[in-house]
There are 2 protein chains.
Amino acid sequence: MAHSTRSQLLVTARELFAERGFYGVSIANIATELGLTKQALLHHFPTKEKLYGEVLKEISGELEELLAEIAASSEQPAQRLRRFYARLVSDDADDAIRARLLMRELLDNRYRAETAGVWRLKPFLKSLIAMAKEAPGWSHATDAQALALVYQLLGAVNYYAISAPTLRGILGGPGARALKQAFPAQLETLVEAAIKSPPG
Amino acid sequence: MAHSTRSQLLVTARELFAERGFYGVSIANIATELGLTKQALLHHFPTKEKLYGEVLKEISGELEELLAEIAASSEQPAQRLRRFYARLVSDDADDAIRARLLMRELLDNRYRAETAGVWRLKPFLKSLIAMAKEAPGWSHATDAQALALVYQLLGAVNYYAISAPTLRGILGGPGARALKQAFPAQLETLVEAAIKSPPG
DNA sequence: CTTGACACCTACCGATTGGTAAGTCAACAT
DNA sequence: ATGTTGACTTACCAATCGGTAGGTGTCAAG
């Protein structure tokens with residue numbers, strides 16, 4: 001049932017929530033996008049919150065999957081981290097949508113925290129910390145230091161990932177394209193430089 | 001008129017927009033926070049959009065002011081950049097509110113772009129790029145490369161700045177405090193390492 | 001031929017949204 | 001005394017919000 005109404009609703013909801021935020025989208029918006037009424041949506045998802053929660057669950061699952069895939073590789077720790085961050089900044093439109101929705105959740109969840117099980121990000125961060133501490137020079141770092149590192153890099157990637165429309169506005173098409181081209185190499189440099197500068 | 005109703009409304013609006021986003025806050029919410037009716041607010045600001053626009057204008061002004069202040073100092077370029085980023089991650093609650101609101105604007109402005117004059121961030125980014133290109137080894141970098149650098153660092157700082165509640169949820173109080181303590185030093189390391197790794 | 005489940009609909013609900021209209025009331029200038 | 005003005009109010013509006021109630025039509029199983 002890859003194209004069932006239900007899964008189409010989830011896809012559409014993800015896109016709209018990512019673009020306009022939870023309060024910026026009505027269930028009617030989501031349903032009419034597929035030529036349905038909001039009652040059709042409510043037939044598949046009992047409430048708006050539940051729908052949002054399911055979108056979030058899908059996303060956290062995808063993230064863990066991605067990290068697990070890279071963690072399972074036989075590369076060096078530093079190389080794995082580089083590849084992980086590079087992967088997050090891919091051109092894939094779905095990745096941008098996911099980054100936007102996660103950023104919004106980061107901003108909003110103070111007001112929806114426990115209801116949606118947001119702390120799902122916890123194992124994801126734990127894995128990242130573990131990966132960082134395997135890098136040369138980082139084995140003696142504290143968890144807080146390793147977390148600061150991976151979190152800063154996460155920020156470097158995701159901040160950019162959500163900025164595409166704004167940057168295109170500020171820089172214009174050619175400027176935005178030049179940035180898009182320069183960004184990955186600069187990011188790799190940043191990740192490498194950061195790992196090579198362990199604390200202490 | 002430092003404590004005029006008008007300026008109090010602007011302060012309250014900034015806080016609430018930062019916490020819940022444009023669509024998550026009603027003008028009635030903002031007004032009742034000060035014991036007023038929403039019509040009192042509409043007396044001072046003709047529409048909700050105009051109110052939001054004024055908040056945004058204030059904020060971009062503050063950012064440019066901060067950057068100008070640091071740019072005017074006699075420090076070395078690299079030192080100025082380090083201090084600028086460190087300043088953004090201060091404990092100041094107002095800084096956190098500003099970071100949250102800017103992040104929301106970054107996410108939302110595709111749908112409100114020209115109306116609110118968001119491209120005000122442009123001179124701010126230009127100044128940052130100029131400051132980066134003054135650092136040793138960066139004079140031959142392209143604008144796109146310098147922008148990639150400063151934008152990544154901006155992301156590293158702001159992503160963390162908006163994450164406080166979520167991280168407290170994930171890590172618990174002690175863990176969050178340890179991170180808060182480790183973050184600035186790690187950030188300085190990151191900025192330094194990044195500047196010392198010019199492209200090419 | 002009937003039954004029941006499923007997917008979806010129209011009709012409706014009370015609450016809330018941003019905003020308008022038309023005041024009231026105190027302070028101040030003439 | 002008499003306007004005028006600024007700050008704020010109550011009363012109201014149509015539109016939209018999330019959600020409920022009670023259908024209709026289709027299709028497969030018995």
Side-chain angles (χ1 to χ4, degrees), chain A residues 1-57 101 104-105 107-109 111-117, chain B residues 1-57 101 104-105 107-109 111-117:
Chain A
M1 291 304 162
H3 295 85
S4 68
T5 298
R6 190 189 145 89
S7 65
Q8 279 183 288
L9 282 168
L10 279 170
V11 169
T12 306
R14 180 193 292 221
E15 289 172 4
L16 291 183
F17 282 142
E19 284 309 322
R20 300 186 229 159
F22 183 80
Y23 297 111
V25 182
S26 70
I27 51 178
N29 292 152
I30 298 167
T32 53
E33 195 83 3
L34 295 174
L36 299 173
T37 64
K38 66 174 173 176
Q39 287 73 16
L41 185 152
L42 288 169
H43 172 69
H44 293 281
F45 306 92
T47 68
K48 188 187 184 184
E49 287 280 355
K50 285 269 168 56
L51 168 61
Y52 180 82
E54 291 225 31
V55 170
L56 216 60
K57 200 167 92 182
L101 201 139
R104 289 192 183 277
E105 180 56 20
L107 287 163
D108 287 345
N109 75 350
Y111 290 90
R112 199 172 34 246
E114 45 281 354
T115 50
Chain B
M1 293 303 164
H3 296 84
S4 67
T5 298
R6 190 190 145 89
S7 64
Q8 279 184 290
L9 281 167
L10 279 170
V11 169
T12 306
R14 181 194 291 221
E15 288 172 6
L16 291 182
F17 282 142
E19 282 310 321
R20 302 187 229 158
F22 183 80
Y23 297 110
V25 182
S26 70
I27 51 179
N29 292 153
I30 298 167
T32 54
E33 194 84 2
L34 295 175
L36 299 173
T37 63
K38 67 173 173 175
Q39 287 74 15
L41 186 153
L42 288 170
H43 173 68
H44 293 281
F45 306 92
T47 67
K48 187 187 184 184
E49 287 280 354
K50 285 269 168 58
L51 168 62
Y52 180 82
E54 291 224 29
V55 170
L56 216 62
K57 200 166 92 182
L101 201 138
R104 289 192 183 278
E105 179 55 20
L107 286 162
D108 287 345
N109 76 349
Y111 289 91
R112 199 172 33 246
E114 46 280 354
T115 51

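Below, each value reflects all heavy atoms present in this structure, side chains not excepted, and no hydrogens, waters or symmetry copies.
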Protein-nucleic acid N or O pairs under 3.5 Å, nucleotides 26-29 of chain D:
none

Measure the [atom1]-[atom2] distance between [X] and [Y] for me, rounded to the nearest 0.5 Å.
X: Leu56(A); Y: Arg104(A); atom1: CG; atom2: CZ; answer: 13.5 Å
X: Leu36(A); Y: His43(A); atom1: CG; atom2: NE2; answer: 11.0 Å
X: Leu41(B); Y: Leu10(B); atom1: CG; atom2: CG; answer: 9.0 Å

For the helix from dC1(C)-dG30(D) to dT30(C)-dA1(D), what angle lies between the axis at the first five pairs and the axis at the last five pairs, to 10 degrees? 10°
Could you list the protein-to-nucleotides 4-7 of chain D atom pairs, N/O on both sides, closer than 3.5 Å?
none

Are [X] and [Y] packed together at the side-chain level, in the sense that at least one heavy-atom pair is separated by less than 4.5 angstrom?
X: Arg20(A); Y: Asn29(A); value: yes
X: Glu105(A); Y: Phe22(A); value: no
X: Glu54(B); Y: Arg6(B); value: yes
X: Thr37(A); Y: Thr32(A); value: no

Using a heavy-atom cut-off of under 4.0 Å over every strand shown, decide if Ala40(B) touches base, sugar-phosphate, or nothing.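 Contact class for Ala40(B): base.
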List, with names and distances, any nitrogen or oxygen atoms from the protein found under 3.5 Å away from nitrogen or oxygen atoms belonging to nucleotides 15-22 of chain C.
residue : atom : partner  : partner atom : Å
dT17(C) : OP1  : Ser26(B) : OG           : 3.2
dG18(C) : OP1  : Lys48(B) : NZ           : 2.7
dG18(C) : OP2  : Ile27(B) : N            : 3.2
dG18(C) : N7   : Lys38(B) : NZ           : 2.7
dG18(C) : O6   : Lys38(B) : NZ           : 3.1
dG19(C) : OP2  : Lys48(B) : N            : 2.9
dG19(C) : N7   : Lys38(B) : NZ           : 3.2
dG19(C) : O6   : Lys38(B) : NZ           : 2.8
dG19(C) : O6   : Gln39(B) : NE2          : 3.2
dT20(C) : O4   : Gln39(B) : NE2          : 3.3

With Ala13(A), which residues qualify under side-chain contact (heavy atoms from CB on, under 4.5 Å), at least two apart? Phe17(A), Ile30(A), Leu51(A), Val55(A)
Please list all pairs meeting salt bridge (charged side-chain N to carboxylate O under 4.0 Å, His left out) that have one or both residues in residues 31-47 of chain B, counting only residues at least two apart or in different chains.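 Applying salt bridge (charged side-chain N to carboxylate O under 4.0 Å, His left out) to every pair that reaches into residues 31-47 of chain B, excluding sequence neighbours, yields nothing.
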